[in-house]
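Down below is the structure, laid out as structure tokens.
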2 protein chains.
Amino acid sequence: MRQSRARTQRVTITDVGHAAGVSPATVSRVLNGTAKVDAVLAGRVQAAVRTLGYHPNAAAQGLAKGRWGTIGVLVPDLANPYFPEILKAVSAVARANGHRVMIMESEENPAVEPELVADLLRSCDGLLLCSPRMRRDQLAELVARAHPMVLVNRIVPGLAVPAISVDFYGGTTSICGHLAQLGHRDVAYLSGPEASWANGERIRALEAAAAFGLRVTVIPAGATAADGGAAAEQALAAGATAVVTYNDLVAQGALARYRQLGVDVPTELSVVGFDNLSLDWSGQATLTTVAMPRDDLGRQAAELLERLMTGSPDTEPKLLPMELLIHETTGPAAR
Amino acid sequence: MRQSRARTQRVTITDVGHAAGVSPATVSRVLNGTAKVDAVLAGRVQAAVRTLGYHPNAAAQGLAKGRWGTIGVLVPDLANPYFPEILKAVSAVARANGHRVMIMESEENPAVEPELVADLLRSCDGLLLCSPRMRRDQLAELVARAHPMVLVNRIVPGLAVPAISVDFYGGTTSICGHLAQLGHRDVAYLSGPEASWANGERIRALEAAAAFGLRVTVIPAGATAADGGAAAEQALAAGATAVVTYNDLVAQGALARYRQLGVDVPTELSVVGFDNLSLDWSGQATLTTVAMPRDDLGRQAAELLERLMTGSPDTEPKLLPMELLIHETTGPAAR
DNA sequence: CTGTTAGCGCGTTCAC
DNA sequence: GTGAACGCGCTAACAG
């Protein structure tokens, strides 16, 4: 008999109050600990909740409280191993603060980002935009909506929005220094997604390294191992003695291709990764790369967002340092 | 002046109606296309929406319509490359049906799953439980709440819940057949997470292979490359000539360890992966494994869920076949 | 300490 | 075709 309305008719706070012989308000108080309630009544409410199988309706709570209890996260690509660790850290912080996490991915398509973010905006208390690829003006428009929002891995000069990012410029510079000291003069860069701010930073740093005698050829590649493999030969054609890559995936793809071509690394060619994605199954890392603890990045970003949502207008972009990890894929220049 | 209330005071449907000189009801009608509206009025409404920057409140819509427009997805581990492709496919289907996707991960901790799902239940129209690790009775309790719900990669006998899964048993059997035909008799299995149904299926199939003369030693490992590396030696100690693994990550970890130990694959030892995670950066797969298109799995699961949410009580568990991919890590038995 | 009242923002009857 | 009124389920302010 009570099953007959199982699907459509949810049990409400009024039902619980009815069953416990108290008003809906009291039920609310018991459930949220908003005010002191007589122990006997509280007990009756708890019991009613249990027997009826009551679960508060999130939409109704959101409407009444003016908060959703949810934070939204946008990432370009869930398959990129760069993001899971960030998401894990963010989820942990969010849960610790009683928030759910809504994740959306743009599939590396900058065009859909604004729409996705608009969607998140309508159902979240705060937003975390990870490596957003969208244009500056689109970003500015979203920022203007004045919702708590944190940018991760993107700094937009002149835009007043809290941001936390990694010092990709510095990381790239340390790579360049390492290579220069090994005698390299001709470097190829297997470039990542065009709209990626992080990619731009790497390129800026590489070009600045010209001051130290480094000649850089930028070769469009992408963000995956396949992209790296496909672009690998062009680095050779460019006469480079060292190859810097957008990330470790691209580096692994390139390394595989060089193995195929019989090009020995690092004696004939040096290869440097980026991001320390831990793709060496051997357990001991072999790829020279630059690192930054991603869980830290995610944690700090989430904490910043939580702080924003409770009021404090903390708006100075933060840049986390990278660390050069020298392993076995870099060596003295061949010529 | 209008900025003074930017944070707290959102623009509502009433504001729009006011600005356009129509009733809130009319605004709702033009926005949802619920009924025919005079073109002139509609135009005024559109304009007002644009200039005021109106965005409907998802919670209010949800409350009024009794739907959230969101589907929830639970996964054990976002860092496991098995899930991103599923999530991508699910997101695509969901978006095509006008639904948002809320993702939660349990971090391979079965204990938190019920709580996470309860949370999803309160704010989603339908649920997709991917490889849930929780106990049967907990699952039964959730199913009893009678929400549209689809189980992915878990079949619970005797529980009436729509499910779509992969034929891990069959996949494992084809591995066993392959190994048997190569003359292997002693096989070690590097086992995955204990609470994983998929892991149980693999073990069942391996034990059934005893009928064909295969002796199997089950060695607890885990789901990561590190786990595989750590457990690799025990397979040798067990006297196995072939090692079957929980997944390709475990296999890669084991392979790396064998390389270190100077054990040649496949002449001295055969190694088989699982899931075809495409971890061979070389571009051409080298690991023998079994595969099932994960985007297909995700797509079908999401479509099933969408169907459930619109009514049809489709409740026959579906099992998708796996395909054996023979590459370079398996060969004739050493002895 | 508790019940009653009044909204939160929207969709949807119902009359006009 | 359009507006006014009501209710979705819950919390917060107000009385008692």
Side-chain angles (χ1 to χ4, degrees), chain A residues 5 7-46 48-49 52-70 98 119 121-125 147, chain B residues 5 7-46 48-49 52-70 98 119 121-125 147:
Chain A
R5 33 155 231 178
R7 192 54 136 313
T8 57
Q9 199 88 343
R10 298 279 314 277
V11 28
T12 139
I13 201 171
T14 310
D15 298 334
V16 176
H18 200 76
V22 299
S23 75
T26 299
V27 177
S28 173
R29 286 192 267 259
V30 173
L31 262 39
N32 300 310
T34 310
K36 265 215 144 353
V37 173
D38 185 282
V40 190
L41 293 190
R44 291 220 303 265
V45 169
Q46 304 278 22
V49 164
L52 293 182
Y54 168 74
H55 300 277
N57 180 314
Q61 283 183 317
L63 230 203
K65 297 210 259 204
R67 299 183 269 108
W68 287 261
T70 302
D119 238 37
L121 232 30
R122 302 196 312 114
S123 47
C124 298
D125 298 315
H147 274 247
Chain B
R5 32 155 234 178
R7 192 55 137 310
T8 57
Q9 199 89 343
R10 298 278 314 276
V11 30
T12 138
I13 201 172
T14 311
D15 299 333
V16 176
H18 200 75
V22 299
S23 76
T26 299
V27 176
S28 174
R29 286 193 264 260
V30 322
L31 260 40
N32 299 310
T34 310
K36 265 214 143 353
V37 173
D38 186 282
V40 190
L41 292 190
R44 292 219 304 263
V45 169
Q46 305 278 22
V49 165
L52 292 182
Y54 168 75
H55 301 276
N57 180 315
Q61 283 183 318
L63 230 203
K65 297 210 260 205
R67 299 183 269 107
W68 287 263
T70 302
D119 239 37
L121 232 30
R122 303 195 312 112
S123 48
C124 298
D125 297 314
H147 274 249

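Of all the residues in residues 22-30 of chain A, A:Val22, A:Ser23, A:Ala25, A:Thr26, A:Arg29 reach under 4.0 Å from DNA chain C with at least one non-hydrogen atom. Within residues 31-40 of chain A, the residues approaching DNA chain D are A:Asn32, by heavy-atom distance under 4.0 Å. For DNA chain C, the neighbouring residues in residues 56-63 of chain A, judged by any heavy atom under 4.0 Å, are A:Leu63.
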Does A:Leu31 form a side-chain contact (heavy atoms from CB on, under 4.5 Å) with A:Ser28? I'd like the steps, not just the answer. CA-CA 5 Å; A:Leu31 262 39; A:Ser28 173; 5.9 Å; no
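Residues satisfying the side chain to side chain contact (heavy atoms under 4.5 Å, CB included) criterion with B:Ala20, sequence neighbours excluded, are B:Val22, B:Arg44, B:Val45, B:Ala48. Checked against side chain to side chain contact (heavy atoms under 4.5 Å, CB included), A:Leu63 has the following partners two or more places apart in sequence or in another chain: B:Ala60, B:Leu63. For the side chain to side chain contact (heavy atoms under 4.5 Å, CB included) test, residues two or more places apart in sequence or in another chain that qualify with A:Thr70 are A:Trp68, A:Arg100, A:Met102, A:Cys124, B:Met102.
Atoms CH2 (A:Trp68) and P (D:dC10) sit 18 Å apart, rounded to a whole Å. With rounding to whole Å, A:His18 atom NE2 is found 13 Å from C:dG3 atom P. The interatomic distance linking B:Ile13 (CD1) with C:dC10 (P) rounds to 5 Å, in whole Å. Atom CZ of A:Arg122 and atom P of C:dG9 are 15 Å apart (whole Å). The distance from atom CZ of B:Arg67 to atom P of C:dG11 is 10 Å, rounded to the nearest whole Å. Computed from coordinates, the B:Arg10 CZ to C:dG9 C1' distance equals 10 Å when rounded to whole Å.
OP1 or OP2 of C:dC10 has not a single side-chain nitrogen or oxygen of B:Thr14 nearer than 4.0 Å.
Of all the heavy atoms in A:Asp125 and A:Arg67, the pair that sits closest is OD1-CA, 3.4 Å. Of all heavy-atom pairs spanning A:Tyr54 and A:Val11, the tightest one is CD1-O, 3.3 Å. Residues B:Gly62 and A:Ala59 share a closest heavy-atom pair of C-CB, 4.5 Å. Across all non-hydrogen atoms, the minimal contact from A:Val40 to A:Asp38 is N-OD1, 2.8 Å.
Between the side chain of B:Asn32 and the main chain of B:Thr34, no donor-acceptor pair closer than 3.5 Å is present.
Within the 4.5 Å cutoff, no side-chain heavy atoms of B:Pro24 are placed close to those of B:Val27.
Within a 6.0 Å radius of CZ in A:Arg122, other residues, nucleotides and ligands contribute more than 12 heavy atoms.
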